[in-house]
Amino acid sequence: MMVMTLLKPDNTVEQQSKPRLEQDYVQLPKSYFSHIDPEAMDNARLVSVNRALMKQLNCDLNDDDLLDLLSGHLQRVDANPLAQKYVGHQFGVYNPDLGDGRGMLLGQWRDSHAQAWDFHLKGAGRTPYSRRGDGRAVLRSTIREYLASEALFGLGVPTTRGLAIATSDEAVRREVMEPRATLIRVSHTHIRFGHFQFAASKGAAHMETLLNFVVQKHYPEHEQDSLEQKAWAVLYQACIKTAKLLAKWQTVGFNHGVMNTDNMSIIGETFDFGPFAFFDDFKIDFICNHSDYEGRYAYNQQAQIALWNCKVLASCFEGLLTEEQAQQAMDDFVQTYNRAYLEDMNQKLGLASVQTGDKELIGDLLVLMDQFQVDYSLFFRRLAKWQTDNESELFELIHPDKLPTGFQQWFEKFQARVEQESVEMSSWRERILKANPSIVLRNYIAQQIIEKAEKGDYKMLNEWLVALQNPFDDHPSLADFQQPPRPYQKGMQLSCSS
Ligand code: AMP
Ligand code: MG
């Protein structure tokens with residue numbers, strides 16, 4: 001809280017306090033950002049507030065304060081907004097002209113454990129990095145990001161979060177006219193791989209300040225280290241965290257869609273939600289981004305691309321790290337990813353440890369699921385019905401009348417593997433239900449929520465927000481959404497437009 005003094009007409013002084021966001025980013029040289037005032041959003045009204053996140057942050061801003069931030073007025077809350085400069089590889093091509101084009105870092109909120117959380121206002125208007133864009137966001141894209149990040153959070157996947165959304169009567173041109181909206185995104189960092197690419201392009205002094213900043217903020221245990229050691233710590237942690245993140249995305253069936261280096265968080269969180277998709281039917285080479293003509297970011301490419309992005313990050317530290325060190329970090333990525341992927345997939349199958357042959361068991365299952373177009377999340381959730389009276393609810397996901405031979409053989413092998421666990425079947429079932437969600441933010445569901453919200457009805461949005469925070473519960477009120485989607489509801493591809 002900042003204490004302000006207010007002069008009264010009789011010259012006595014009254015103490016007034018105004019909530020305040022700190023701004024640590026101004027420690028960096030001016031080339032890293034531009035001070036900028038958000039563009040006001042008139043007649044703004046709240047669409048949704050993430051009360052669980054507010055509580056987690058011990059955030060005592062009230063709804064009027066939040067609306068003040070969301071509408072870019074900044075009269076009730078003291079903030080020092082700025083747009084960040086960064087660069088990046090977009091679809092493999094270097095672009096030096098990037099930066100916050102429609103977002104602003106408002107500052108940091110400090111929770112009761114003295115942890116700083118960036119508040120970033122998305123859709124806040126044009127900045128020096130907007131290029132030809134309008135700097136705005138639409139209700140559709142803000143809702144998609146808000147719910148998807150909460151869905152990943154609920155599934156235990158590292159991610160930025162959404163604190164609140166507001167909309168207004170202003171219309172924004174995309175493929176069609178759409179309602180304008182803003183979103184406050186919250187994260188421990190807004191430093192991307194692309195920030196290090198920017199530092200590398202500016203020279204050694206820039207790299208030194210950025211490394212010191214990131215280490216002080218995220219790895220204070222390395223503050224006394226040499227610059228070389230700091231570079232190693234940042235690269236190593238980015239590789240390990242990104243590898244673990246990718247294993248989780250693959251496991252929960254999340255397709256990011258735009259894994260450009262400017263959309264990669266230095267602390268390995270899911271960052272920037274565009275045309276993402278959670279699987280309906282499993283498709284090994286699924287491309288969720290309509291504009292990704294070559295499938296660069298297809299499901300089965302995601303881990304490779306993350307590694308490629310880590311190589312780009314490593315290349316920023318030339319002169320600070322040896323080639324051997326860079327290679328070591330890449331090897332650590334691969335090793336970490338492979339181990340985490342098997343552990344995470346085994347958890348989905350109710351298997352407590354990784355054993356010889358598990359890799360093949362998982363691989364064989366995915367090939368079959370791809371071949372028979374099996375609904376990804378329902379298959380794993382309904383695995384809990386295997387060898388019960390309701391087993392047919394699992395098998396009907398695979399084939400309407402007869403379990404194909406390949407699957408019969410797979411279940412035989414699986415049976416032998418589960419037996420090795422020496423666990424009661426009831427406990428095994430518990431494991432399945434704890435590892436596999438009953439509800440999934442499928443694109444067709446997000447679309448229904450958006451269409452209602454565009455008409456001013458936010459009930460479904462808020463119901464899903466809370467449900468996605470606890471995805472392993474049964475959620476009988478959402479039973480309709482726990483059935484396989486109809487053919488026309490499946491596999492929606494989306495464009496980058498947001
Ligand atoms: P994205 O594909 O969302 O990661 O965005 C890539 C770049 O384009 C970033 O630098 C964004 O800030 C910028 N950008 C995206 N949409 C807009 C917009 N409507 N107005 C201005 N800049 C934008
Ligand atoms: Mg981006």
Side-chain angles (χ1 to χ4, degrees), residues 32-34 36-39 41 72 81-106 118 120-146 148-149 159-160 162 167-168 170-183 185 187 189-198 201 242 255-267 269-277 287-293 296-297 305-306 309 312-313 493-498:
Y32 277 97
F33 60 89
S34 301
I36 195 116
D37 289 325
E39 171 197 29
M41 184 166 79
L82 52 85
Q84 293 179 312
K85 170 66 192 164
Y86 48 84
V87 302
H89 277 81
Q90 298 182 300
F91 287 87
V93 181
Y94 182 70
N95 185 347
D97 275 335
L98 297 175
D100 285 337
R102 44 121 185 238
M104 278 161 218
L105 187 59
L106 295 173
D118 281 358
H120 177 100
L121 182 62
K122 215 162 174 177
R126 286 182 55 79
T127 77
Y129 321 115
S130 295
R131 295 175 291 165
R132 286 190 302 277
D134 58 9
R136 293 178 164 189
V138 295
L139 190 56
R140 169 178 51 83
S141 65
T142 52
I143 289 178
R144 282 177 55 79
E145 169 152 356
Y146 186 65
S149 51
T159 179
T160 63
T167 190
S168 80
E170 291 174 57
V172 174
R173 181 173 297 283
R174 292 293 179 261
E175 275 93 5
V176 292
M177 297 303 282
E178 297 188 44
R180 186 179 169 198
T182 53
L183 163 78
R185 172 170 68 189
S187 165
T189 206
H190 275 76
I191 304 279
R192 309 150 186 253
F193 285 19
H195 278 102
F196 281 92
Q197 291 180 267
F198 175 66
S201 76
T242 304
N255 298 269
H256 184 284
V258 197
M259 291 176 62
N260 294 339
T261 55
D262 54 304
N263 290 341
M264 300 292 291
S265 152
I266 199 70
I267 57 167
E269 286 181 342
T270 314
F271 199 94
D272 265 13
F273 293 77
F276 70 83
I287 305 167
C288 65
N289 183 351
H290 186 62
S291 325
D292 183 7
Y293 308 111
R296 179 179 171 86
Y297 300 135
I305 287 292
N309 289 342
V312 171
L313 181 65
Q493 271 195 332
L494 289 119
S495 76
C496 277
S497 140
S498 53

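Residues take their numbers from the sequence shown, with the count starting at 1. Both ligands and their constituent atoms are indexed starting at 1 by order of listing. Quantities reported herein were computed from a predicted structural model and do not represent experimental measurements.
- Annotation: cation-pi pair Arg144/Phe273 absent, no NZ/CZ under 6.0 Å from the ring centroid and within 45° of its normal.
- Neither the backbone nor the side chain of Phe273 comes within 4.0 Å of ligand 1, counting heavy atoms alone.
- Taking a distance limit of 4.0 Å, we find that atom 2 (O) of ligand 1 is approached by no protein heavy atom.
- For atom 4 (O) of ligand 1, the nearest non-hydrogen atom of the protein is Asn263 OD1, 3.0 Å.
- Here is the list of ligand 1 atoms found below 4.0 Å of a heavy atom in Tyr86: 9 (C), 10 (O).
- For the atom pair CD1 of Ile267 and OG1 of Thr242, the computed distance is 10.0 Å after rounding to the nearest 0.5 Å.
- Seen from the ring of Phe271, Arg185 counts as a face-on cation partner, given the 6.0 Å and 45° thresholds.
- Given atom 20 (N) of ligand 1, the protein heavy atom at minimum distance is Gly135 N, 2.8 Å.
- Annotation: atom 21 (C) of ligand 1 to nearest protein heavy atom, Gly101 O, 3.2 Å.
- Annotation: atom 14 (N) of ligand 1 to nearest protein heavy atom, Arg102 CG, 4.1 Å.
- For atom 6 (C) of ligand 1, the nearest protein heavy atom (residue, atom name, distance) is Gln90 NE2, 3.7 Å.
- Results of the side-chain contact (heavy atoms from CB on, under 4.5 Å) test with Pro275 over Leu494, Ile287, Asp292 single out Leu494 as the only residue that passes.
- Considering only non-hydrogen protein atoms, atom 9 (C) of ligand 1 sits nearest to Gly99 O, 3.7 Å.
- Only the side chain of Arg174 comes within 4.0 Å of ligand 1, counting heavy atoms alone; its backbone N, CA, C and O stay farther away.
- Nearest non-hydrogen protein atom to atom 8 (O) of ligand 1 is Arg131 NH2, 2.9 Å.
- At least one side-chain heavy atom of Asp134 sits under 4.5 Å from a side-chain heavy atom of Arg174.
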As a quick check of understanding, evaluate ring-ring contact (aromatic ring centres under 6.0 Å, His included) for Tyr94 and His89, giving each step before the final call.
CA-CA 4 Å; Tyr94 182 70; His89 277 81; 5.5 Å; yes
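- In this structure, a donor-acceptor pair under 3.5 Å is absent between the side chains of Tyr297 and Asn255.
- Around the Mg ion (ligand 2), protein atoms of type N, O or S found under 2.8 Å number 2.
- At least one side-chain heavy atom of Val258 sits under 4.5 Å from a side-chain heavy atom of Phe91.
- Those atoms of ligand 1 with a heavy atom of Asp100 less than 4.0 angstrom away are 12 (O).
- A search for side chain to side chain donor-acceptor pair (under 3.5 Å) contacts involving Glu39 returns Arg136, Arg180, not counting sequence neighbours.
- Legend: residues meeting side chain to side chain contact (heavy atoms under 4.5 Å, CB included) with Arg102, ordered by chain and number and at least two apart, are Lys122, Ser498.
- Listed by chain and number, the residues in a side chain to side chain contact (heavy atoms under 4.5 Å, CB included) with Ala137 are Ser141, Thr142 (sequence neighbours excluded).
- With contacts defined as side-chain heavy-atom distances shorter than 4.5 Å, the pair Gln90/Asp262 qualifies.
- Of all protein heavy atoms, the one lying nearest to atom 19 (N) of ligand 1 is Asp134 OD1, 3.0 Å.
- In terms of heavy atoms, Val138 sits closest to Ala181 at C-CB, 3.8 Å.
- For ligand 1, the atoms sitting less than 4.0 Å from at least one non-hydrogen atom of Arg136 are 19 (N), numbered in the order shown with element in parentheses.
- Set against the non-hydrogen atoms of Asp272, the atoms of ligand 1 under 4.0 Å away are 4 (O).
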